[in-house]
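This report refers to the structure that appears directly beneath it.
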Amino acid sequence: MTSRRVRRVVLVACTALLGYAVVPAAASTTSSHSAGHAPPPRAHAPHNLAIRTLSVRADLVSGHEVLTRILLPAGATPSQLRVRLNGRDVSGWFAMRPDHNVDGLVRDLRLGTNRLIARVAGQRAELTITDHPVGGPVFSGPQVKPWQCEAGATDRQCNREASYSYQYLPVGTNDVAGGVTGVASLSAFRSYDPASPPPAPEIATTTTRNGVTLPFIVRVETGYIDRDQYQIAALWQPGKRWQPWAPQPQYIHRLVITHGASCDTTYGVGSAPSVLDPKILGAGFVV
């Protein structure tokens, strides 16, 4: 959806046109090792053992999992580290990753408070992680009722498993111009089936800002959070490996968040703004 801390956020309020928020990505995928880009140096070892969440603040977690980093004191090694979640040994979730940080995806969180305790070299660190319902609320207060959920919702909080689809840009359309909102009014993208893909020569290529050239294939995630729909799109290489700490090399650690036009009020789930902007996706942004 990175381990780098967000340094700036440019927010565009609701207007008659589509706005963009450009965010240095910070959360669930960390630095890529593309050509010409060396892995970032590991931070200097702290004096004391410490735990911190990367995806989101530890008191604002939802979805029962969170990417977490353990900062080892000088002289300690990952093999010495012991980690427990609510009394259960989860040491195997943590390891030294390609960027030389000790990260792990802490999962199976229970709603409410969770205790994550790390021990190494005679030191102990504890972090309280608070998990909230995906359907909300997290910090917004009581939700508006009544509320109409989407078809297929599994409960009154409009929860539903995320789904994934794929699109590709045909050759000759990689320079499609967007409309006044920045998104082409008629999408040039076509459905892509990984099990029966179109011939490779029919798929356009793109070169991202970090110099990676690849077929113009996009993965679109559609899901529901806080009783509304979201979509996330990104360049994707089907069949290529990835991990939260080792994304595919085209990822440039930047997000563009689109805002819908005309902030009206409804009492039910709406449709997320389009995320299929060829110019922004082609540069390597997550939209």
Side-chain angles (χ1 to χ4, degrees), residues 1-10 20-42 54-55 67 96-101 103 105 164-178 182-184 187-222 231-258 274-287:
M1 119 150 229
T2 58
S3 60
R4 299 180 183 179
R5 182 173 297 175
V6 175
R7 293 186 294 275
R8 67 181 185 277
V9 179
V10 181
Y20 291 108
V22 181
V23 184
S28 48
T29 52
T30 195
S31 52
S32 61
H33 302 166
S34 56
H37 292 73
R42 183 185 178 190
L54 303 178
S55 315
L67 190 62
M96 183 76 75
R97 305 304 178 185
D99 63 357
H100 309 299
N101 288 299
D103 294 343
L105 183 64
Y164 300 89
S165 62
Y166 299 85
Q167 304 281 325
Y168 76 97
L169 203 61
V171 167
T173 56
N174 50 334
D175 291 322
V176 170
V183 178
S187 176
F189 285 94
R190 297 180 185 174
S191 179
Y192 177 93
D193 182 358
S196 182
E202 294 182 9
I203 303 175
T205 60
T206 187
T207 300
T208 62
R209 283 194 174 186
N210 60 351
V212 176
T213 299
L214 71 160
F216 208 135
I217 301 170
V218 175
R219 188 184 80 162
V220 180
E221 175 183 336
T222 302
Q231 283 194 324
I232 303 172
L235 286 172
W236 195 255
Q237 299 189 59
K240 298 287 186 179
R241 292 174 59 87
W242 70 279
Q243 292 288 347
W245 39 82
Q248 293 184 351
Q250 70 274 7
Y251 178 56
I252 66 168
H253 306 283
R254 292 293 184 273
L255 311 175
V256 171
I257 303 175
T258 62
S274 173
V275 290
L276 292 177
D277 187 308
K279 288 186 176 295
I280 298 175
L281 288 167
F285 288 91
V286 174
V287 182

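Everything quoted here is computed from the prediction, not taken from an experiment.
When side chains are defined from C-beta on, Thr206 counts as touching Leu214, because their heavy atoms get closer than 4.5 Å. Between Phe285 and Ile252, some side-chain heavy-atom pair lies under the 4.5 Å cut-off. For the pair Leu235/Phe216, a side-chain contact is recorded, criterion being any heavy-atom separation below 4.5 Å from C-beta on. Here the side chains of Tyr166 and Ser191 are not in contact, with every heavy-atom distance at 4.5 Å or above. Side-chain atoms of Phe189 and Leu281, non-hydrogen and from C-beta on, do get closer than 4.5 Å to each other.
Here the closest heavy-atom approach between residue Val212 and residue Pro249 is recorded as CG2-O, 3.5 Å. Nearest heavy-atom pair, Ala188 versus Pro170, reported as atom, atom and distance to 0.1 Å: O-CD, 3.3 Å. Among all heavy-atom pairs drawn from Ser187 and Leu276, the shortest one is OG-CD1, 4.2 Å. A pairwise comparison of heavy atoms in Val275 and Ala233 identifies CG2-CB, 3.5 Å as the closest pair. Leu169 approaches Pro278 most closely through the heavy-atom pair CD2-CB, 4.2 Å.
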Audit row: Ile217, Ile203, side chain to side chain contact (heavy atoms under 4.5 Å, CB included) steps and yes/no: CA-CA 8 Å; Ile217 301 170; Ile203 303 175; 4.2 Å; yes

Test log, rule side chain to side chain contact (heavy atoms under 4.5 Å, CB included), inputs Trp236 and Trp242: CA-CA 10 Å; Trp236 195 255; Trp242 70 279; 3.5 Å; yes

Derivation and outcome, side chain to side chain contact (heavy atoms under 4.5 Å, CB included), residues Tyr164 and Val220: CA-CA 6 Å; Tyr164 300 89; Val220 180; over 6 Å; no

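There is a side-chain donor-acceptor pair under 3.5 Å between Thr207 and Thr213. A donor-acceptor contact closer than 3.5 angstrom links the side chains of Gln231 and Thr222.
The CG atom of Leu67 sits 10.5 Å away from the CD atom of Gln243 when rounded to the nearest 0.5 Å. To the nearest 0.5 Å, atom CD1 of residue Ile280 and atom OG1 of residue Thr258 are 8.5 Å apart.
Side chain of Asp103 to main chain of Trp245: no donor-acceptor pair is present (N/O by atom type, distance under 3.5 Å, no hydrogens or angles). Side-chain atoms of Asp193 come within 3.5 Å of backbone atoms of Ala195 as a donor-acceptor pair (strictly under, hydrogens ignored). With hydrogens and angles disregarded, a donor-acceptor distance shorter than 3.5 Å links the side chain of Gln248 to the backbone of Lys240. With hydrogens and angles ignored, the 3.5 Å screen pairs no side-chain donor or acceptor of Arg190 with any backbone N or O of Tyr168.
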